[in-house]
Amino acid sequence: MGDVEVTTSKVSRPVLTAMVIGSMVGAGVFSLPARFGTATGVAGALIAWTIAGTGMLMLAFCFQALAVRKPELDSGVFIYAKAGFGDYVGFNSAVGFWASTMAGNAFYWVFITATIGAFFPEFGDGDTILAVAISSAGVWVFHVLIARGVRDAAVINRLVTIFKIIPILVFIVVLGLSFDAGTFSENFFAYGDLGSMTEQVKNTMLVTTFVFIGIEGASVYSRYAQRREHVGQATVVGFLSVLAIFSLVTLVSYGAFPQSQIANTRQPSMVGLFEETVGPWGEWFISAGVIVSVLGAYLAWTLMAAEVAFVPARSNDMPRFLGRENASGTPIAALIATTIGVQALLALTLFVDDSLNFMLDLTTSLALVPYLLAAAYALKLTLSGETYEEDSSERVKHGVFAGVATAYAIFLFVAAGLEFLLLSCLLYAPAVLLYVIARFERRLRIFTVSEGALCAIIFMGAVVALFALVTGWITL
């Protein structure tokens with residue numbers, strides 16, 4: 001398949017780990033203080049991070065187990081759903097993850113221009129015509145960079161990951177030194193208009209999931225790993241590192257400022273809190289970190305998006321044109337389709353109220369289906385005993401991991417609400433055309449009976465979503 005398959009394209013465990021960290025550490029971490037401040041206090045934050053940390057760690061263990069148990073399966077998020085539940089389900093997993101990365105990339109550009117808006121009001125909250133124009137230019141610049149080769153972009157991402165971690169660690173240290181036990185104690189319980197503790201924790205679930213999206217980074221790039229076991233190791237090490245960073249960013253903020261002040265800080269809230277602590281230079285310092293961090297995450301996510309569209313095109317589940325590569329070994333057709341998708345979502349921000357939070361929630365909701373299906377496949381393997389014939393202890397352990405991860409993914413659907421599940425049907429319904437074209441090209445049967453029923457349910461969901469949008473039950 002071109003230059004990407006030669007030995008020089010193989011990446012080491014540190015590079016895979018950097019890809020996991022780089023994929024997760026993007027815009028989300030810089031918005032955590034205010035997102036948590038508007039939802040809960042210290043107690044709720046501790047509960048939320050415990051739930052999210054446990055659930056996502058179990059999912060990381062699932063990716064680790066699947067990488068070892070099913071080494072022949074590459075581009076993990078899509079291929080696990082296909083292997084476990086059939087071609088059409090696998091196709092929808094690929095489409096959901098692909099769309100999630102595009103929505104996330106649109107969110108990143110809005111976040112960057114909103115950060116610039118603190119210095120230049122013409123950028124507003126990232127949803128002005130100027131902001132969209134600058135973002136669009138950036139989208140195509142990155143397109144050209146990535147088109148030069150996946151290997152080059154992956155190495156750049158490793159370097160960016162190192163530089164973007166520095167301002168986050170400085171924030172943690174500086175606010176940690178400003179820690180006040182009295183302030184932390186006053187912030188411990190926050191009720192008032194925030195509702196019960198259950199409601200508070202529920203209201204943090206989408207943002208905690210959003211910041212962990214990218215945990216599958218090493219699995220998506222498993223075909224580039226020097227050794228298969230490096231995939232699982234990179235996933236777990238990368239996740240634990242990021243969990244520590246995210247939780248500390250939240251907790252040191254509660255120790256330095258009142259909860260109400262944190263909640264009312266302009267996004268990206270880490271910028272305002274750091275400036276309040278150290279003075280005007282802090283705004284520039286963290287803002288620079290925001291831009292570098294987000295651009296690095298954008299690079300990683302665009303790589304994953306192109307890969308997840310490219311691999312199904314090579315395995316009968318997407319039209320053949322998405323499987324084309326250029327002379328550098330880059331999946332160029334999938335990359336072009338991804339770039340166009342991000343461009344379209346950026347145009348949508350001109351018409352959506354609170355586009356930043358809308359894109360964040362949409363990104364998370366679309367990622368839930370691929371995550372649920374990967375965890376469910378891991379659970380299916382343990383229940384059936386496939387690959388565990390002589391290893392009952394591993395089977396029980398992996399069964400627990402997969403069971404918790406599956407339950408966590410279902411809980412996230414409840415926390416997200418029906419709105420985004422219905423909106424996702426507006427994506428899955430027309431996307432079936434790509435599946436039909438792919439099956440027709442290979443002269444394969446389009447649907448089994450159960451797949452046809454699933455397709456009908458998706459279209460009914462899309463009809464309900466359209467009705468809800470027209471009547472105002474769902475607003476953008």
Heavy-atom side-chain proximity of Lys380 to Phe85 below 4.5 angstrom = yes
Might you point out which heavy atoms bring Val139 and Val342 nearest each other, and give the distance in Å?
-> CG2-CG1, 3.9 Å
Would you check if Leu243 and Trp49 make a side-chain contact, meaning some heavy-atom pair closer than 4.5 Å?
-> yes
Side-chain heavy-atom pair Tyr428, Val369 within 4.5 angstrom cut-off | yes
Taking Thr38 for the side chain and Arg35 for the main chain, is one N or O donor matched with an acceptor at less than 3.5 Å?
-> yes
Would you confirm whether Ser100, through its side chain, and Thr363, through its main-chain N or O, come within 3.5 Å as a donor-acceptor pair?
-> yes
Under 3.5 Å: donor-acceptor pair, side chain of Arg439, backbone of Leu444 = no
Roughly how far, to the nearest 0.5 Å, is CD of Glu394 from CZ of Phe401?
-> 8.5 Å
Can you say whether the rings of Phe447 and Tyr435 are parallel (under 30°), tilted (30 to 60°) or perpendicular (over 60°)?
-> parallel
Do Met102 and Leu366 come within less than 4.5 Å of each other through their side chains, counting heavy atoms only?
-> no
Find the distance between CZ (Phe30) and CG (Leu32) and round it off to the nearest 0.5 Å.
-> 10.0 Å
How many angstroms lie between CG in Leu373 and CG in Asn92, if you round to the nearest 0.5 Å?
-> 8.5 Å
Closest non-hydrogen atom pair between Val201 and Gly44, with its separation = CG2-O, 3.9 Å
Does Leu362 offer a backbone N or O that forms a donor-acceptor pair with the side chain of Ser365 under 3.5 Å?
-> no
Least distance between heavy atoms, Met359 atom then Ala106 atom = SD-CB, 4.4 Å
Separation between CG of Leu423 and CG of Leu466, rounded to the nearest 0.5 Å = 9.5 Å
According to the interplanar angle, ranging from 0 to 90°, do the rings of Phe91 and Tyr88 count as parallel (below 30°), tilted (30 to 60°) or perpendicular (above 60°)?
-> parallel
How many angstroms lie between atom CG of Leu412 and atom CG of Leu372, to the nearest 0.5 angstrom?
-> 9.5 Å
Where do Gly96 and Pro370 come nearest, in terms of heavy atoms and distance?
-> C-CG, 4.1 Å
Heavy-atom distance under 4.5 Å between the side chains of Thr208 and Phe36, does that happen here?
-> yes
Main-chain N/O of Leu46 paired with Thr50 side-chain donor or acceptor, under 3.5 Å | yes
Minimum heavy-atom distance between Pro268 and Phe111, given as atom pair plus value | CB-CZ, 3.3 Å
Check whether any side-chain heavy atom of Ile458 sits under 4.5 Å from a side-chain heavy atom of Leu454, and report yes or no.
-> yes
What is the distance from atom CD of Glu325 to atom CD1 of Ile332, rounded to the nearest 0.5 Å?
-> 10.5 Å
Are the side chain of Arg324 and the backbone N or O of Ala334 linked by a donor-acceptor pair below 3.5 Å?
-> no
Partner set under side chain to side chain donor-acceptor pair (under 3.5 Å) for Glu441, not counting sequence neighbours | none
Where Thr204 and Ala39 come nearest, the two heavy atoms and their spacing = CG2-CB, 3.8 Å
Please tell me if the side chains of Met460 and Ile457 come closer than 4.5 Å, counting only heavy atoms from C-beta onward.
-> yes
Determine, stepwise, if the pair Trp98 / Thr338 fulfils side-chain hydrogen bond (donor to acceptor under 3.5 Å, both in side chains).
-> CA-CA 8 Å; Trp98 190 20; Thr338 299; 2.8 Å; yes
So do the side chains of Tyr408 and Tyr371 get within less than 4.5 Å of each other, counting heavy atoms only?
-> no
Counting only heavy atoms not in Phe411, do more than 12 fall under 6.0 Å of its CZ?
-> yes
